[in-house]
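To start, the structure under review is shown below, and the notes come after it.
So that the names make sense, note that chain A is the first sequence line, chain B the second, and so on, each numbered from 1. Keep in mind the model is a prediction, meaning the values are calculated, not measured.
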Number of protein chains: 2
Amino acid sequence: MKGLTDRQRAILEFIGRRQRQEGGAPSFREIAEQFGFRSLTTVADHLRLLRRKGLLAAAPGRARSLRVVSPLQSLRREVADIPLLGSVPAGFAEDRRQEALGCVSVDVETLGIRPGARTFALEVRGDSMIGRHILSGDVVVLEHGLTPRNGDVVAALIDNESTLKTFFMERGKPWLRAENPRYPKMMPASELVIQGVMVALIRKRK
Amino acid sequence: MKGLTDRQRAILEFIGRRQRQEGGAPSFREIAEQFGFRSLTTVADHLRLLRRKGLLAAAPGRARSLRVVSPLQSLRREVADIPLLGSVPAGFAEDRRQEALGCVSVDVETLGIRPGARTFALEVRGDSMIGRHILSGDVVVLEHGLTPRNGDVVAALIDNESTLKTFFMERGKPWLRAENPRYPKMMPASELVIQGVMVALIRKRK
DNA sequence: TCATATACCGTATAAATATACGGTATAACA
DNA sequence: TGTTATACCGTATATTTATACGGTATATGA
């Protein structure tokens, strides 16, 4: 009873895959069908062993209650599905339909977002924020409706397109600033619509 | 039959929450218990309406097969659980036990990682890689066993501690370099153990 | 050689579960 | 006023489902 046999590993992976892909664990019969077992006892035998080894949990008598117990499972947090938008339209508030180009799924703790918040993601184009170490191709995660603090990065709607800028207050007036010496622009924030405040950034290897 | 009623929204959210937190949908009885319904038909009525509005899917006759259908659901990819390690020990290969400090869950497409790869995460301390726009506090995701390309950022084991460096070849010899003018160090990579190659980076608002 | 663990089979069965049928009450609406 | 939709109740019932009992075969180490 040291490690796992090939069969046990295969069954454990099947359960985990079904759990992730279909959102629920398979029943004993479905496991038997998948592996060609003609007896449910065969399934029960394997599951008993996996449970004894602490890799599988189940509520007794409850349908489809199998759960893969990985060392990471206990640390796992709630995963949020954040829409990756091509551009943020003006009518954001209520009428946001599924104009999403993709979906970024990250656990809420890693990104520090509140569950249920109006969160969306944009892909950065251009290097206007390189002074804040935000590169072209980075994906920024923003929260809509958050009041920006001084120095926060925000997405603003300029010429019907979303642009990243740094937000700050000067003598009680809100301003936006690009973070690249080649674009020393500065514009009043009060005349512009702020779509969201950046809460996280994701970069992947090119 | 335009929008959702409060009851319908509450039930939909309950199903979604159970699905995420416990890894499986609730049964009709559990929904009835949650909302104080004394009849299962009440649950069935609500679910029928939610299904008609296209917000809920279920396999007929199958236990706990409810699934919340969100517009993002179709775009959702597989989510990987990446262990956040405090430090990378020397005996990485086989004997990595659960010394994880946390768990970063991100979909594989956003990070561009291969499912099943030896992936782990580290929190960056110090600003030795600021020239590559990697800041202190950032979480870097690394893949173990990947052969680094020229210019890749790698985690190397120096003085029993993991440090980020840029990897490059010079006259056929591998070297490591820090990306901060205040630390113009350079060291041969062949004498050091490279723990992983950086594939992604996650930054959150302080 | 005996004990033990894994890996299967076939047959049952109690409990869990989805779902149908037939009701009542209430608000919105035309 | 009648119609329609939502929101509940109570009682069944056919399936699904987990799980128990009693087997066989084959390794593997003591």
Closer than 4.0 Å, any side-chain N/O of [X] to the OP1 or OP2 of [N]?
| X | N | answer |
| --- | --- | --- |
| R64(A) | dT17(D) | yes |
| S27(A) | dT16(D) | no |
| H46(A) | dT6(C) | no |
| R7(B) | dC8(D) | yes |
| T42(A) | dA7(C) | no |

Going by heavy atoms in the side chains, are R205(B) and E143(A) under 4.5 Å from each other? no
Regarding R62(B), tell me which of base, sugar-phosphate or nothing describes its non-hydrogen contacts under 4.0 Å with the strands shown. sugar-phosphate
Look at atom CD of E33(A) and say whether more than 12 heavy atoms of other residues, nucleotides or ligands are closer to it than 6.0 Å. no
Candidates [options] - which lies nearest the side chain of [X]:
| X | options | value |
| --- | --- | --- |
| P60(B) | dT19(C), dT19(D), dG10(C) | dT19(C) |
| F28(A) | dA18(D), dA18(C), dG10(D) | dA18(D) |
| D45(A) | dT17(C), dC9(C), dC8(C) | dC8(C) |
| S39(B) | dT6(D), dT17(C), dC9(D) | dC9(D) |
| T5(A) | dA18(C), dC9(C), dA7(C) | dA7(C) |
| R52(A) | dT6(C), dC9(C), dT19(D) | dT6(C) |

Establish, from distance only, whether the side-chain atoms of D81(B) and S105(B) form a donor-acceptor pair under 3.5 Å. yes
Among R62(B), R64(B), R67(B), whose salt bridge (charged side-chain N to carboxylate O under 4.0 Å, His left out) with E22(A) holds? R62(B)
Nearest whole angstrom, please: distance from the P of dA5(D) to the CG of D6(B). 20 Å
When you match Q8(B) and A63(B) each to their closest nucleotide on DNA chain D, which lands nearer the 5' end? Q8(B)
